[in-house]
Amino acid sequence: MKTQTIALLVFLMVFGCWILPAHGVTLRSADTHPEDYPTVQAVKYMGKLLAERSSGRLTVEVFHSRQLGEEKETVDQCRAGGLDIVRLNAAPLTDTVPEAVIPALPFIFRSQEHMYKVLDSAIGEEILKSFEKADLIGLAYYDSGARCFYNTKRKITKLDDLKGLRIRVQQSAMFKAMVESLGAVAVPMPFGEVLDALRVGIIDGAENNIPSYHSTEHYTVAKNFTLDGHAMTPEILVFSKKSWTRLSEEDQKLIRQAAKESGAHMRQLWRERELSARKKIEEAGVTIIDNIDKEPFINAVQPIYTQFVKTPELKALITRIQEVK
Ligand code: GTR
């Protein structure tokens, strides 16, 4: 028995490199949302595809629910190579990558269909590519619906109702300026601090899509929700450029492909989540104000385009987006 064991050990030492699977790679990924949220589920789906296609060599571990910090922190870790993947909204990158401003601009997309067409086109690819300036490889877009205002104070049925309300915004100069152009007081703040800030009254409201409004429990405090849809800022999936360059070309291809497929999968999850979240907030007594006149909102934000879209290249991107039918 003992001789057999020694013989087996010697065999493994000599031939081990052929008979044992090649060294596996676990890609570490961060997300601010809870585990059942569509973005987290989509990254898990991408991990499943990768594991299948690499026979278990490439796997993805998703740290959801802000386990590794707020979006700004995790994206910085990713840029430094301490984290492989981050799923975040484009807004927190608008201060670093000028192109990230474009899909985050107020009322840039005419509809969800228009947004899909733009993001799926060469324009979308160019914007993804621009993240390399921030040491990030842009892999895919995920849905984020339409961002809308909600607050604890009053029903917003017209532009004037926003006046003076203290509205939390993402940490982005563009978002701050946008909310100010609409007459409110913009308060930049990390996502995870918003619920308490609403509860104690540091802020009167915030803006987000219905699934986030629901999953964060903001709806339990700020019950006036207006479907104004001022921004359709997409979610993006980025990979650390530092980790990327250590991967083989073949693995890079596998990852790009799985990421794209997770984007398509996410659209389905998102549609279901928008419906179920809306049902839940309505059951909880939230007043959803629909059919407002958006024209005054659209006019009020025009200076944002002049302020944040300065170069001919960025201006050309806007024209191309507007030309997408
Ligand atoms: C959500 C988005 C998050 C985060 C959040 C926020 O819609 O999915 O990644 O950016 O908004 O408002 O901070």
Side-chain angles (χ1 to χ4, degrees), residues 29-43 62-78 83 85-97 100-101 103-104 106 109 112 115 119 131 136 138-151 166-176 178-179 184 186-198 203 205-219 221-222 225 227-238 262-263 266-267 269-270 273-274 277-278 281:
S29 172
D31 197 311
T32 184
H33 286 300
E35 190 165 16
D36 67 346
Y37 201 84
T39 54
V40 177
Q41 288 304 315
V43 177
V62 189
F63 295 89
H64 52 82
S65 316
R66 271 197 302 283
Q67 289 171 69
L68 302 182
E70 296 281 356
E71 252 164 41
K72 272 243 175 203
E73 294 151 17
T74 52
V75 80
D76 283 347
Q77 288 176 46
C78 190
L83 192 57
I85 303 172
V86 174
R87 190 296 310 160
L88 82 167
N89 192 254
L93 282 173
T94 52
D95 292 349
T96 324
V97 182
V101 164
F109 299 118
Q112 185 188 53
M115 176 192 64
L119 298 183
F131 294 120
L136 298 165
L139 292 179
Y141 293 103
Y142 286 165
D143 261 35
S144 197
R147 296 183 79 92
C148 301
F149 289 109
Y150 51 89
N151 77 95
R166 291 176 61 78
I167 301 290
R168 175 268 173 174
V169 290
Q170 287 158 297
Q171 290 154 293
S172 149
M174 194 277 280
F175 260 85
K176 185 168 183 293
M178 177 186 75
V179 165
V187 186
M189 184 184 287
F191 195 38
E193 292 174 18
V194 182
L195 181 59
D196 282 345
L198 283 170
I203 49 171
E207 45 88 51
N208 221 313
N209 54 52
I210 291 182
S212 281
Y213 172 62
H214 170 255
S215 67
T216 52
E217 294 180 18
H218 296 173
Y219 75 99
V221 197
F225 191 100
L227 276 172
D228 62 283
H230 54 269
M232 296 181 95
T233 325
E235 313 288 0
I236 46 171
L237 191 64
V238 291
S262 75
M266 200 273 183
R267 286 186 182 171
L269 298 178
W270 184 255
R273 184 72 172 215
E274 273 192 323
R278 180 164 181 160
I281 60 167

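Ligands are counted one by one from 1 in listed order, and the atoms in each one are counted from 1 as well. Because the structure is predicted, anything quoted here is derived from the model rather than measured.
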For residues Y150 and Y213, establish whether the separation of their ring centroids is below 6.0 Å. yes

Least distance between heavy atoms, Y37 atom then P211 atom: OH-CB, 3.6 Å

Closest contact, heavy atoms only, M266 versus A42: CG-CB, 3.6 Å

Name the residues with a heavy atom less than 4.0 Å from ligand 1? T32, H33, E71, R87, N89, S144, R147, R168, Q170, F191, N208, N209, S212, E235

Would you say the side chain of N89 lies within less than 4.5 Å of the side chain of R147, judging by non-hydrogen atoms? yes

Charged N to carboxylate O below 4.0 Å: is that the case for R66 and E70? yes

Salt-bridged, R87 to E71, with N to O below 4.0 Å? yes

